[in-house]
Student: 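Sharing a structure below in structure tokens format, with a few things to ask.
The structure displayed is predicted, hence computed values, not measured ones. Letters A, B, ... are given to chains in the order of the sequence lines, protein chains preceding strands, and every chain is numbered from 1.
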Amino acid sequence: MWNIVRASVRGSSHRRSVTPCQDAFDLKLRGKTLLVAISDGAGSAAYSDRGAQGAVAATLAFIEKMLSDGEDFTPETGVAIVDSARTRLFELSEQLEIDVRELACTLLFAVVQENEAFFGQLGDGAWVMTYGIGLVAVTWPLRGVYANETTFLTSPDWNSAAKFVKLLGPVESFAGFTDGVQSLALHYASRSVFQPFFDPILTVLRESCAPEALDKQLQEYLSSKGVEERTDDDRTLVVATRRRFRLLGNGIH
Amino acid sequence: MEQNPFLQEAGQQRFADNPEPRCASLLILDVSGSMLGEPLRQLQEGIEVYKDSLHSDPLARQRVEVAILTFGGKVELMCPFATVDAFSIPRLEARGDTPMGQAVVEGLGLLDSQKTVYKQHGIAYYRPWIFLLTDGGPTDAHTHYWAEAAQRVKEGESKKSFSFFAVGVEGADMRRLSEISVREPLKLQGLEFRKMFEWLSASQQAVSRSTPGDTVKLETPAGWAQI
């Protein structure tokens with residue numbers, strides 16, 4: 001049903017300072033519905049890698065329960081999804097006996113069903129999707145006044161900063177990524193998706209008969225010199241495309 | 001070897017061309033008559049150290065934009081904002097009185113227009129720095145400039161519009177400086193301009209390396225200031 005490729009690479013700045021990769025992500029397939037959650041731990045928070053992992057797990061668990069209960073996706077339930085991740089961070093901070101701010105991280109999630117999709121975002125990173133022959137940004141990185149500021153799950157203003165987008169109709173392909181990928185994939189001045197970044201990835205992914213094998217190659221690509229020269233932050237990228245046809249036998253000539 | 005399909009088209013323009021985020025650094029320098037001689041020579045040398053140091057850091061070189069405003073007899077914009085690549089150090093000359101209030105007010109205006117340029121071009125930026133350096137006291141303390149400078153620095157700091165540092169060289173009126181600086185003014189040890197600028201450069205390199213969520217801890221200025 002879906003061809004998916006994903007990779008998460010630790011940034012060179014984190015390798016220098018022996019910081020763990022602070023990005024986390026996971027995905028789940030439930031029937032024809034694809035769930036993705038991605039989180040980027042704050043560089044300044046000591047346990048943000050744990051925070052990001054907890055936020056991703058809690059988000060997916062909450063959405064799965066919503067799907068089981070047949071709940072609708074609305075801005076209100078979107079807030080509930082984000083709040084479930086926040087709750088997990090507060091639980092974790094008690095377990096670890098640390099200030100919850102030490103777990104600060106962003107959150108991106110997507111619930112892509114056969115005929116509707118729901119995207120949520122708190123902080124930077126973004127979701128993009130195909131629309132006609134091109135790609136559009138579903139959400140845009142939330143930046144503070146300054147380049148090194150954003151809003152996290154642990155921020156007091158999380159509720160007003162969270163963005164939700166519901167789309168009716170089938171989404172053909174979509175991608176989510178953290179801020180380490182964002183400056184390569186988005187053009188800020190025109191506030192648009194930089195399509196040449198995604199085109200080759202989508203072409204390969206659409207044509208692949210064994211997409212599982214592509215993860216390692218995407219990992220290599222995101223670690224390549226050309227990418228490293230442009231970003232020294234952790235980078236996570238998940239790209240999914242609906243399989244439209246399945247070629248059987250020799251195909252059609 | 002198996003080919004990586006994602007790497008095959010490398011070499012083509014595959015990444016968005018986004019401008020680097022900028023960190024504006026405004027130096028407001030006292031070049032009044034009393035700076036003549038050794039202080040001015042050391043200050044000049046300090047600025048050169050500052051430029052070289054920023055230049056040697058690949059990120060700071062692209063991200064830190066420096067402007068120099070001097071006050072001595074009059075307020076003069078010696079260098080508009082530019083990255084160190086495009087930045088030429090002016091020859092400083094000492095003369096006249098100390099219109100410090102006017103210099104700060106004009107500096108804040110310059111910074112505002114630079115922020116407008118960033119916004120118009122969709123350029124992300126870090127919290128700007130203002131660095132005021134003097135060896136005396138303002139000769140315009142009884143004009144509207146001084147009160148306006150104090151008021152606007154206070155507002156700007158509380159809104160986090162910039163970070164304002166005031167540094168007094170031997171002979172500076174530290175009490176006056178604390179009227180306009182929210183942060184405790186720093187007293188330069190001797191003529192350690194060089195160490196002061198090394199600190200400034202190191203701090204700005206740390207900021208220009210930071211990514212969202214980073215709180216940048218600055219080194220203590222103990223190497224050059226009496227604290």
Student: Kindly confirm or rule out a cation-pi arrangement of Arg22(B) over Phe81(B), judged by NZ or CZ under 6.0 Å from the six-membered ring centre and within 45° of its axis?
Tutor: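 The answer is no; the distance or angle limit is not met.
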Student: Name the region of Leu218(A), side chain, backbone, both or neither, that has any atom closer than 4.5 Å to a heavy atom of chain B.
Tutor: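 Interface part for Leu218(A): both.
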Student: Around Arg61(B), counting heavy atoms of other residues, nucleotides and ligands shown, do more than 12 lie under 6.0 Å from its CZ?
Tutor: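 Count over threshold, so yes.
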Student: Evaluate whether atom OH of Tyr47(A) has more than 12 neighbouring non-hydrogen atoms of other residues, nucleotides or ligands under 6.0 angstrom away.
Tutor: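 Open: at most 12 neighbouring heavy atoms sit under 6.0 Å from OH of Tyr47(A).
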Student: Under 3.5 Å, is there a donor on one side chain and an acceptor on the other for Asp140(B) and Gln102(B)?
Tutor: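 No, Gln102(B) and Asp140(B) have no side-chain donor paired with an acceptor closer than 3.5 Å.
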Student: Heavy-atom distances under 4.5 Å only: say whether Leu214(A) touches chain B with side chain, backbone, both or neither.
Tutor: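 Both parts, heavy atoms under 4.5 Å.
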Student: Less than 4.5 Å to any heavy atom of chain A: does that hold for the side chain of Lys115(B), its backbone, both, or neither?
Tutor: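 Side chain only.
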Student: What part of Val193(A) gets closer than 4.5 Å to chain B, counting heavy atoms only: side chain, backbone, both or neither?
Tutor: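 Val193(A) has no heavy atom closer than 4.5 Å to chain B.
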